[in-house]
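Structure first, then comments.
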Amino acid sequence: MIKLIATDVDGTLVRDSAPEVYPELIETIKRLREQDVIVCIASGRQYTSMEKMFREIKDDLIFIADNGAHIKCRGKDLHVANMNADYLPELLGDLRKYKSEGCEVICEAPGLTYIESHNEDFISFIGEQYRCDYKIVDDVLKDGDNIIKASIFRRPSIRQIGEEVFIPKWSDKLKVTMAGEDWVDFMDKSVDKGHALQFIQEFFGIKKEETMVFGDNNNDIGMLERAAESYAVETAPDVVKKHANHVCPSWKEKGVYQILKEL
């Protein structure tokens, strides 16, 4: 019997950076909660972004935000993992070098995004697409506080830079992961969606065999490994599918909804 469901958002439930989820999913989650199934929304997104997406049922959900650096339920922080501040000057120096190549840099505190940019299109993207609460700063090192994640963004893809430059250089000091095709995220070494889900499983006494997980990217692998009923969407990279026990249709076909509706 499934007692706990956790799902990624971007690329799994909806297209990357979509501001809303579809009504059928909300209604299905309501029915699952009526059956006392715990539902976690797990994303690289900031908490407030997810809260706005699921505003109708936000008090019935557990949010795993910033890839597991921030866990929140009914307005209360259950876990916050700050980055080691000693690494930030060098890391931000590395990230800023790529601004000339069309990259943008942000840092996040619990529920607040610091944007080191005056690019109006990017600011609108963060504020209107992701709907994050944000603050524009010239220097996060001077104006930021309680940093739990740093990220670099570029469209249509930053994967080559992420996998060939940032992950090899920083993975011994920080948790570094691709979050979709256009983001690379940096967190404390302890941070992982899988660790966050394990925290919730242990808190409620729920086994892997009683857990169902959905994901699509590298930052979902740890979470997929915490569930016997693990699903990678069909558009996920092969390396992610190898860590899942099942494959379901993509967000375009509302694959997660199809599985949950059957459940």
Inset, instruction - Look at the side chain of His195 and the backbone N and O of Ser190, then say whether any donor-acceptor pair between them is shorter than 3.5 Å. - result: yes
Inset, instruction - Given side-chain hydrogen bond (donor to acceptor under 3.5 Å, both in side chains), test His118 with Asp138 step by step and report yes or no. - result: CA-CA 9 Å; His118 294 282; Asp138 291 323; 3.2 Å; yes
Legend entry - Side chain proximity check, Leu25 to Lys254, heavy atoms < 4.5 angstrom: no
Inset, instruction - Report yes or no: does Arg131 contribute a side-chain atom to a donor-acceptor pair with the main-chain N or O of Ser49 at less than 3.5 Å? - result: no
Legend entry - Under 3.5 Å donor-acceptor, Asp66 side chain and Ala69 backbone: no
Legend entry - Ring geometry between Phe125 and Phe153 (parallel below 30°, tilted from 30 to 60°, perpendicular above 60°): tilted
Legend entry - Asp220 side-chain N/O to Asn217 backbone N/O, donor-acceptor pair under 3.5 Å: yes
Legend entry - Asp77 side-chain N/O to Lys72 backbone N/O, donor-acceptor pair under 3.5 Å: no
Inset, instruction - Compare all side-chain heavy atoms of Leu92 with those of Val105 and state whether any distance is below 4.5 angstrom. - result: yes
Inset, instruction - Could you check whether the rings of Phe199 and Phe203 sit parallel, tilted or perpendicular, using 30° and 60° as the cut-offs? - result: parallel
Inset, instruction - Enter the distance from Lys99:NZ to Ile152:CD1 here, rounded to the nearest 0.5 Å. - result: 9.0 Å
Inset, instruction - Indicate the ring-plane relationship of Tyr87 and Trp170, choosing parallel, tilted or perpendicular according to the 30° and 60° boundaries. - result: perpendicular
Legend entry - Lys175 side-chain N/O to Val191 backbone N/O, donor-acceptor pair under 3.5 Å: yes
Inset, instruction - Might you point out which heavy atoms bring Lys193 and Asn219 nearest each other, and give the distance in Å? - result: CD-O, 3.2 Å
Legend entry - Rounded distance [0.5 Å steps], CD1 in Ile200 versus CZ in Arg226: 11.0 Å
